[in-house]
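Just so we're on the same page: letters track the sequence lines, and every chain starts at 1. Computed from heavy atoms alone, side chains included, the values below leave out hydrogens, waters and symmetry copies.
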2 protein chains.
Amino acid sequence: MASRGTTSRRILELAESLLQRLGYNGFSYHHLSQELGIKNAAIHYHFPTKEDLGLQIVEQTRKRFNKWCNNPENRILPVKQQLDWLVQTYHYNLKLGNRVCLIGALATDYYTLPASMQNAVKELSYELQHWTARLLENGRESGVMDFKGRSNHKALCILSTLTGSLQLARLLGNERHQQIVDQIYLDLNLTY
Amino acid sequence: MASRGTTSRRILELAESLLQRLGYNGFSYHHLSQELGIKNAAIHYHFPTKEDLGLQIVEQTRKRFNKWCNNPENRILPVKQQLDWLVQTYHYNLKLGNRVCLIGALATDYYTLPASMQNAVKELSYELQHWTARLLENGRESGVMDFKGRSNHKALCILSTLTGSLQLARLLGNERHQQIVDQIYLDLNLTY
DNA sequence: GTCTATATACCGATAGAC
DNA sequence: GTCTATCGGTATATAGAC
């Protein structure tokens, strides 16, 4: 199992990258072993099955997200800066090599995933949606931003947009992503 | 090659369904042959390689889209009805069994696709974006809808939202899709 | 146009030496 | 903790009979 050994971390990091670039069914232990300069048996030592590896990728992302959200320093940040952080998280995927977001990658492969991974990515998306809805609700109440309808629906809408944006960027050009983000801010009566 | 023989059409239809449910790397000739009650060699007779099959799926969708857009009966429809048609196209994927849209499915698998498919899906997304931008531009000029910024950016934003929405629906529940669509209409100062 | 049979490659995974 | 070696399964694809 993966704890914090260097090799484990290198495997996990590369696997996350490949998953978001090629999809869950698009990368293999062979890809990993070649690029890391080790044999596939070594990877199986750290992650016995591909399900173990995939699950840890999702759980790692969940922990990263929840850690940021629960950090008191971040919780007291102005609403707009918290939204900026969310948006930068997506933009970071683009910069790292046209990755799509983890949720989008796993959603399109969803019905081929082991149940443990399905449940984990469901949890992640639920937490993300909940946090974003609260953020927007606060933003509207405090007059920082403006939008119609329920904050929960607007949150779902914005998260869908960010998810789709990284995918369209692959087809229509990376500059499209920033244009879409600008439009989101415009629709919220904000400037990025 | 596939023309209009019954078997070819059955293969193409099932392959399209599997592609949008399981991803390009998530379905096989074995899946197809089992469900159609024929042998995988028969499928190779109609579609020699998986690339041939995948390419025809994309080209079929392109033709379907362009045929609708270029139909004079549809071109004279009120702007809102044309937008409704676009939105229903996405909703239809959901009804057919939680399919994601073709563009979303192929975008996440993009870097594992043969070049011919990459080019075809690029073309499709370009045509879709162009048509949607013109639709929104007309809608705003005629006072049917309202939004800030460039119509081209708003079009990209809405298409991203619809793409992501079918994916989030898998994780958060199908009812989320309609909520997201309602929000899109609300943001356009329209009612669905 | 569909079949049986098979070629070839790659996949995830394991046994056992070091 | 990493290696060599290999198993069993499945993938795409083809040859040739019917």
How would you list, by chain and number, every residue that makes a side chain to side chain contact (heavy atoms under 4.5 Å, CB included) with [X], sequence neighbours excluded?
| X | value |
| --- | --- |
| B:Glu35 | B:Leu14 |
| B:Glu137 | B:Arg140, B:Glu141, B:Ser151 |
| B:Gln60 | B:Leu12, B:Glu16, B:Arg64 |

Next on the checklist: Taking side chain to side chain donor-acceptor pair (under 3.5 Å) as the cut-off, I'd like each qualifying pair that reaches into residues 93-105 of chain A, sequence neighbours left out, listed once.
Outcome noted: A:Gln20-A:Asn93, A:Asn98-A:Asn174
For [X], check side-chain hydrogen bond (donor to acceptor under 3.5 Å, both in side chains) against everything at least two apart and list the hits.
| X | result |
| --- | --- |
| A:Thr49 | A:Asp52 |
| A:His31 | A:Ser28 |
| A:Thr161 | B:Thr161 |
| B:Thr112 | B:Asn25 |

Checklist entry - Which is the 5'-most and which the 3'-most nucleotide of DNA chain D that has an atom under 4.0 Å from a heavy atom of chain A? => result D:dG1 to D:dT4
Checklist entry - Got a sec, which pairs hit salt bridge (Lys or Arg N to Asp or Glu O under 4.0 Å) with one end in residues 154-168 of chain A, sequence neighbours left out? => result A:Lys154-B:Asp187
Next on the checklist: Please find the pair of heavy atoms, one from B:Leu172 and one from A:Ser125, that lie closest to each other, and give the distance.
Outcome noted: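 Heavy-atom minimum between the residues: CD2-OG, 3.5 Å.
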Checklist outcome for this item: Within residues 23-37 of chain A, those residues having any heavy atom closer than 4.0 Å to DNA chain C are A:Phe27, A:Ser28, A:Tyr29, A:His30
Checklist entry - End-to-end bend of the helix from C:dG1-D:dC18 to C:dC18-D:dG1 (five-pair axes, 10° rounding)? => result 0°
Next on the checklist: Just to be sure I understand the rule, does B:Lys50 reach a base, reach only the sugar-phosphate, or reach nothing, if contact means heavy atoms closer than 4.0 Å?
Outcome noted: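 Here B:Lys50 touches the backbone only, sparing every base.
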